Amino acid sequence: MSNKNKELMNDIITNCKIKNGFGPGVQPAAATSPTKRPLSPDHPNPALPITETPSPAMNRMGWALRTLLVVDNSSCLKDRKVSGKLIRKCAPGTELVDWLVNLAPIVHTRAQAAGMWQALLEEGVLTHVNKEQPFKDKCFLYRFRLDEEGGAPAAGIPQAEDLSAANEHIREALSALFQRGPDATLRMILRKPSHERTPEELELVFEELVHIAALSHLSTSIKRELSSIIVFEAHAQAGTILFNQGDEGRSWYILLKGSVDVVIHGKGTVATLKTGDDFGKLALINDAPRAATIVLKENNCHLLRVDKEHFNRILRDVEANTLRLQEHGKDVLVLERVAKQRGQHSAFKYTVMSGTPAKMLEHLLETRLGQSVSGMDPFLDDFLLTHIVFMPVVQLVDELANYFHCDAHEEAQTPEDREYIINFKKRVIQFMQKWVMAVRHAAFEEPSVCDFIEDLAAEVEADPDLNEETSIIHNVLTQMARYQEDRNQNAGQKWKLPTNGQPICLFSGNATPSKTVIRPDDDIIFRVYCADHTYCTLRFPMHTTAELIKACAADKLQLNRGPDDLCLVEVKSNGERSVFKDNDVSIPTGLTLNGRLFVSVKDHLDALTQLPEQECPTEGVDIDLEILSTKELAYHITIFEWDLFWAVHEYELLYHTFGRHHFGKITANLDVFLRRFNEVQYWIVTELVSTQSLSKRVGLVRKFIKLAAYCKEYQNLNAFFAIVMGLSNMAVTRLHQTWEKIPSKFRKIFQEFEALIDPSRNHRAYRVFVGKLQPPLIPFMPLLLKDMTFAHEGNKTSLDGLVNFEKMHMMAQTMRTIRFCRSRSLGLEPPSPKSEGEVRSYISSFRVIDNQRVLTAMSQKVEPTRKLN
Ligand code: CMP
């Protein structure tokens with residue numbers, strides 16, 4: 001909290017009137033009792049005035065009426081004995097009404113007259129003798145304030161000049177009171193408990209509610225229900241705190257008259273609400289603490305209030321769908337009501353649709369943390385998985401640090417202040433815990449995060465009030481230490497991208513090399529060609545930009561052109577070219593299977609041709625597939641791909657979707673996993689079209705169908721798709737002689753598999769199938785990426801300057817799918833340990849041609865197209 005804001009807040013709070021005696025008890029932050037207040041605030045007393053002192057105008061009206069009353073009917077206002085006690089100068093309500101009806105031609109009914117007396121009563125000009133009754137046309141006794149003990153000298157017998165002044169003023173006074181009467185009556189009804197409201201009174205309230213904009217979206221029957229429980233509340237003094245940020249939400253309010261400030265810790269006043277605005281619904285619907293303090297900005301503010309129990313019963317399910325919070329005249333958070341999950345105690349909750357990054361974080365810290373440490377709130381999880389899109393880590397750490405150190409400039413703290421501040425701190429610590437839980441080691445990749453965690457740990461240790469948080473922060477520290485240790489161990493990891501095939505790990509400190517994650521500062525050795533097919537070999541960290549690779553390759557290949565004239569480009573095996581952006585990273589792993597990296601003069605891109613070797617199979621172990629057990633193949637493929645899948649971080653999907661260059665982050669693990677998909681798919685095709693013998697091809701097709709079946713059984717759906725897609729490749733499906741010899745039992749199984757990978761209705765068949773599986777499983781990754789891209793391209797990231805959080809939610813859903821798939825370890829039973837080493841090295845790098853034209857030509861060669869007679 002900035003110093004200025006803190007002072008502002010303190011100033012506002014210490015200058016507030018604590019309780020004005022008219023509204024329900026309102027306490028400032030400093031005096032908040034730690035014990036819970038009852039859910040429903042006190043009922044206002046309709047017998048009491050709603051202002052602290054009568055306005056001069058009302059005072060004068062009262063004086064004029066009293067003067068005339070005394071002169072007209074001197075016996076009306078007299079000293080009377082009530083229960084043995086003498087009450088001076090009082091009159092029964094009935095007589096006051098009689099007199100007023102006779103006096104004023106505009107007054108036609110006794111009810112109108114009673115309303116006029118009530119208008120005087122609610123200003124304190126007239127009072128019930130025991131201050132127990134509002135004005136009633138009954139024998140209850142009332143007297144003028146002027147006649148109360150210690151009344152002004154004017155309370156005596158009126159003089160002639162008083163009479164003439166009163167006569168002069170009375171028309172105006174009567175007209176003003178006549179106007180105020182109905183409203184005063186209504187306010188009086190609204191201050192009565194519901195059981196005291198008569199049917200006629202409820203009808204009056206209902207007619208009034210019909211005209212209130214904040215209720216306009218509600219049905220007639222709901223407004224009728226509200227008529228009996230909605231309460232009028234008045235506050236005489238500006239500066240009164242209606243409730244404090246962090247308090248339990250007990251009521252919803254509509255401002256009828258006046259204005260209030262919305263004050264937030266660390267920010268001061270963020271908005272001013274005016275007549276007609278409503279507030280306080282957020283805490284009720286979310287069952288969360290108040291998001292702001294509400295301070296009256298003017299004297300004599302009038303409010304309507306619906307208490308929590310009634311709100312929950314009548315309004316919760318029908319409340320307006322959208323809630324917009326503003327700060328300084330601009331929307332900062334847009335919330336929408338959604339059905340809660342089953343098992344949660346209340347039916348509805350607001351969810352964030354859009355917001356500024358800082359306001360979303362504040363909302364998160366204040367409403368989604370602090371209550372329970374267990375479980376993960378979906379909004380929090382979405383935020384943690386996607387914040388890198390709209391709030392860089394450094395900014396997030398900064399905001400958290402400010403939140404944590406909100407007491408930095410605080411000197412003397414009351415115990416209540418301290419409790420409030422400790423809650424802030426606890427939330428930040430919980431946030432860190434959830435952060436690490438949601439994104440694991442990625443949370444520690446930024447040095448600023450590690451520094452912050454260490455600071456937090458030191459503060460927690462030094463603060464006895466944070467004792468309970470020690471174990472949480474220690475747990476985070478342990479995970480951080482483990483990450484750092486792992487990082488140090490694997491420092492200097494080195495990879496080689498063979499001329500074709502998957503990157504090979506040349507050096508890793510990892511004890512299980514298969515589970516090696518590619519890190520941004522790992523080195524990779526790769527080739528860059530130029531138009532004449534000469535090449536240089538480079539070694540760079542994975543996160544090196546295309547620009548740097550381009551410059552270095554041009555230098556080595558002596559291209560003698562400025563960087564602006566050159567570009568780094570991939571030439572695929574079919575001759576297609578794709579140019580890299582200068583700020584692109586993890587270039588070598590991003591190449592297609594048989595693609596090659598070229599540096600080229602921009603104007604000569606058309607002259608680039610693929611290398612002859614790109615049309616040949618990639619390197620791989622040559623083995624007779626027939627002799628390998630199919631189940632064992634499926635087993636080792638699954639183990640191998642599980643490790644590749646395991647290395648992919650959920651963030652890589654975001655980088656891939658938004659573009660690596662936006663983040664400067666590598667997607668190497670995802671790249672390798674996607675390359676593997678193509679590798680398996682084209683391996684199937686390559687094997688089949690390069691098998692000359694028909695009977696061997698038939699055997700292979702059967703083997704591949706069985707392989708798909710085993711992969712499906714092992715829940716490796718990525719390989720299952722790759723195999724079935726390989727078998728559905730045009731170069732394979734046209735092998736009629738082969739397919740004719742496949743037993744119908746196998747053909748039927750294959751048709752079922754094809755139906756499962758059928759992309760129609762947005763891959764419905766697959767989605768239904770995979771939806772029933774339990775982890776561990778390897779999902780069909782290209783579909784997850786398609787979902788991400790669909791969410792990205794179909795939805796703007798920013799809406800009117802706010803982060804479109806609905807989009808972030810969609811993205812996070814897909815990222816969560818990955819988390820779900822890996823939420824249990826694989827632990828497959830090996831089919832047989834016989835030829836393990838051989839199979840493992842075979843499946844880790846297949847011989848693959850990925851040029852469709854070449855594959856089709858080879859297919860033609862093994863089974864020439866039959867000529868029609
Ligand atoms: P609630 O959290 O129940 O109590 C404080 C209320 O202030 C909150 O509901 C909103 O109705 C209202 N409010 C208006 N603007 C803002 C804002 N910018 N931030 C938080 N609360 C706000």
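Predicted model, so just to flag it, every value in this text is computed and none were measured. We count ligands from 1, going down the list as the structure has it; atoms in each ligand are counted the same way.
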Is there a nitrogen or oxygen of [X] sitting under 3.5 Å from a nitrogen or oxygen of ligand 1?
| X | result |
| --- | --- |
| Ala291 | yes |
| Lys359 | yes |
| Leu273 | no |
| Glu362 | no |
| Gly280 | yes |

Can you check which of Ala283, Ala292, Ala288 brings a heavy atom nearest to atom 1 (P) of ligand 1? Ala283
The option among Val262, Leu284, Thr367 carrying the non-hydrogen atom nearest to atom 16 (C) of ligand 1 is Val262
Is the shortest distance from a heavy atom of Trp252 to ligand 1 less than 4.0 Å? no
Heavy-atom contact under 4.0 Å between Ile264 and ligand 1? yes
Quick check on contacts: which atoms of ligand 1 are under 4.0 angstrom from a heavy atom of [X]?
| X | answer |
| --- | --- |
| Phe279 | 11 (O) |
| Arg290 | 1 (P), 2 (O), 3 (O), 4 (O) |
| Ile294 | 7 (O) |
| Phe243 | 4 (O), 5 (C) |
| Glu327 | 18 (N) |

[X] bridged to [Y] by N-O distance under 4.0 Å:
| X | Y | value |
| --- | --- | --- |
| Asp183 | Lys257 | no |
| Asp287 | Lys308 | yes |
| Glu469 | Lys425 | no |
| Arg224 | Glu203 | yes |

Tell me: protein heavy atom nearest [atom], and distance?
| atom | value |
| --- | --- |
| atom 9 (O) of ligand 1 | Leu282 CB, 3.3 Å |
| atom 10 (C) of ligand 1 | Leu325 CD2, 3.8 Å |
| atom 15 (N) of ligand 1 | Gln326 O, 3.7 Å |

If only side-chain N and O atoms count, and only distance matters, is there a donor-acceptor pair under 3.5 Å linking Asn804 with Thr797? no
Say whether Gln430 and Arg427, considering side chains only, have a donor N or O and an acceptor N or O under 3.5 Å apart. no
Using the rule side chain to side chain contact (heavy atoms under 4.5 Å, CB included), only one of Leu315, Leu215, Leu209 pairs with Ile222; which is it? Leu315
Heavy-atom closest pair (Leu654 atom, Thr386 atom, distance to 0.1 Å) is CD1-CA, 4.0 Å
Do you know which two heavy atoms are closest between Gln118 and Thr185, and how far apart they sit? CG-N, 4.4 Å
Reference residue Ser259; test side chain to side chain donor-acceptor pair (under 3.5 Å); the match among Lys274, Lys297, Glu298: Glu298
Tell me, do Leu364 and Val352 make a side-chain contact under 4.5 Å, heavy atoms counted? no
